[in-house]
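This report concerns only the one structure given below.
In the text below, chain A, chain B and the rest are named by the order of the sequence lines, each starting its count at 1. Given the structure is predicted, the values throughout are model-derived calculations rather than measurements.
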Protein chains: 2
Amino acid sequence: MPVQNAQFHINDLGLLRGYGLFDYCRTYYGRPFMRDLHLDRFHCSAMQMDLSLPMGKAELRAIMDELHQRANQPDLAFRLLLTGGYTDDGITPGTPNLAIMTENLPVVDETKFAKGIKIITAEHLREMPEVKSTNYMKVILLAKQMKAQGAADVLYHHQGELSELSRSNLFLFKKDTLITPHHNVLKGVTRRVVLELAADNFRIEQRPVYLTELAEADEVFTTGTTKKVMPIVQVDNQPVGRGRPGERTRFLLGLFDKLTQQAEVPSSAAMA
Amino acid sequence: MPVQNAQFHINDLGLLRGYGLFDYCRTYYGRPFMRDLHLDRFHCSAMQMDLSLPMGKAELRAIMDELHQRANQPDLAFRLLLTGGYTDDGITPGTPNLAIMTENLPVVDETKFAKGIKIITAEHLREMPEVKSTNYMKVILLAKQMKAQGAADVLYHHQGELSELSRSNLFLFKKDTLITPHHNVLKGVTRRVVLELAADNFRIEQRPVYLTELAEADEVFTTGTTKKVMPIVQVDNQPVGRGRPGERTRFLLGLFDKLTQQAEVPSSAAMA
C-alpha cells in the first residue's frame, strides 16, 4: 500500500514512548546489498529490546522482494520498523508492530566523495548504542547548528572518547593504520564491509579513539548505507590532514564501489 | 473518534525517530486538575524541541472539554502527544502532528498510600530531562528487573547524584527539611503543587541530592499525576527510615487530597 495509507494507531509504544527500532538497507544495480547482515542486525536489535519479530528472515526477504518488484524502480532503500506495539496502560509493550517500507534513495551529491564533507562534534552518548533504536532526538535538535556551520553531520564524543556520527561510523587513518572505535557504537554493515576490504592492505586497530587523535589523523572518513565511504575533510574548525580527501580513503571507496557492482552473494562469501 | 481509529502514518517522525513529546493530566471530582500548568509545560516542551503547537491553549482546553463530555465518565486522564510530523527524508521534521486522547485513570491500589512502595535505583540520565519527550526506553527495558524485585518504579542517578524516578519526582525529608533535586529533572506539576503546600510547614531545599543521602533520610516519597504523594519505604535492599510511610509525607498527601477536592481554580490562585 502507499505509505500515505500505512498507519499505526496512536497508542503504539513507538509513538507514545519512543520504544522502537529499525534497520535500513538498499539496493545497488537492482540487487539488495548485504541484506542478510541487515536482517541479522534487525533481529539482534529486537532481542536486545525484548521484542520478537513476528516473522523470520525468509518471510522478510520475500516481502522486501515483492515491494521491490511493485515499486517498479531498480534501486531503492528498505526501511524495517519494529515497535513495542499497542499498549493498554501507556507503558507496557504489547504485540510488536512491524512495518516494511520502500523509500527512494536519498539524493547524494556525488561531488562530496571528491571534495569530502565538514562535520561538527558534540558531547553525546547514545542510549544502548549497539541497538539501532529510533531515538534520534540529539541530531534532530542539532540540525539548525549543523546547517549554520555548513556541516553535513555530527560526531559524538563522551568524556573525550569518540564513538560515531549520528547515523554512520568513524574511521581514521594514521599513515597505513586504519583505526575505528569499537565500543559504544552501532556496528554498521558498511563498517564491517570496509574492515574486511581493508584487511589486506592496512594494519587495523579497533580500539578506544580519543578526540585528541583527530588532529593527528592523516585521513578521516565515515561509513554508512547511504554515505558509503565518505571522506571527512574538516572537523569543527580544524582541517583533517591536508584538508582534502586522502588517497587511502579513495582507495577503500573504490574497493567498496567495486563490491556493490558484483552480483549479490551470501554475506559470508562476500566477507570470506 | 475511538483510539482504534486514531492513527498516524508510519512516516511520522515520532515513530521513525522517536521525535515526540507529550503531557498527561487528569481530573478529580469531574474537574481537570492544574490543567493550565500542564498546557504551559506542553508548550514549553514543544518550544525546546523546536516544534510549534498547531493551536493555542484555549482551543486545546475546548477540545479536552469536549472529549471529557463525550467520554461520559466523571474522571479520566488526558494525554496530549506532539510529534515532529511526517518527514520526507526520514529525519527532517515536517508540520507537527498533534493527538489529544482521553484514557481511563490507571487503577492505583489505594493501600499503597498506607503501605508505601519499594523502588530500585539505576544509573541513568535522561536526554534533555527538562523536556517531557517520549523517550522511555530505559524504564521499559528495566520492567522485568523491577518486577523480579517487586519494585514499583526506578530512581535514576548519575555519577552519584539523584535526579528523578522514571515518571515522577523525588522528595526526601530529613527531620523537618524537605529536599528535592532541582536540576536534570522534569519539573512536575505535582512537584510544584507539593512544594507550595509544604512551604508553610517545612524548610525547603531545592538542590543537588546524592545517592548517599537516601540512607540519612527520615522519609522519602515521590510525586506525580497518578502517584500523587506516594511514600517510598524501601530503596533497593535498604529500608527508608523505619520502613513505613512517615507522618510528614502523610500530612502532605492529606493537603494534596484536600486541594483536589476544591473546585478548579486558576493555578496562580491555587499556588498563591
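Each of A:I91, A:D50, A:L81 has some count of heavy-atom pairs under 4.5 Å with chain B, and the biggest count is that of A:I91. By number of non-hydrogen pairs under 4.5 angstrom with chain B, the leading residue of A:L16, A:L21, A:D12 is A:L16.
Shown here is A:K57, whose NZ atom has more than 12 heavy atoms of other residues, nucleotides or ligands within 6.0 Å. When the shell of 6.0 Å around NE2 of B:H43 is examined, it contains 12 or fewer heavy atoms from other residues, nucleotides or ligands. Other residues, nucleotides and ligands contribute only 12 or fewer heavy atoms inside 6.0 Å of the CD atom of A:Q69.
In this structure, chain A has a heavy atom under 4.5 Å from the side chain of B:A99, while its backbone stays farther away. Residue contact with chain B, scored on non-hydrogen atoms closer than 4.5 Å, involves the backbone and the side chain of A:F8 alike. The part of A:Q48 that comes within reach of chain B is its backbone (N, CA, C, O), which places non-hydrogen atoms under 4.5 angstrom from that chain.
The contact list for residues 128-142 of chain A toward chain B, using heavy atoms and a distance under 4.5 Å, reads A:M128, A:S133, A:T134, A:N135, A:Y136, A:M137, A:K138, A:V139, A:I140, A:L141 by residue number.
The CZ atom of B:R126 sits 9.5 Å away from atom CD of A:E127, with the distance rounded to the nearest 0.5 Å.
With sequence neighbours excluded, the residues satisfying side-chain contact (heavy atoms from CB on, under 4.5 Å) with B:E123 are B:H157, B:H158. Checked against side-chain contact (heavy atoms from CB on, under 4.5 Å), A:D109 has the following partners two or more places apart in sequence or in another chain: A:T111, A:K112. For A:Q73, the side-chain contact (heavy atoms from CB on, under 4.5 Å) test picks out A:A71, A:L76, A:N104, with sequence neighbours left out.
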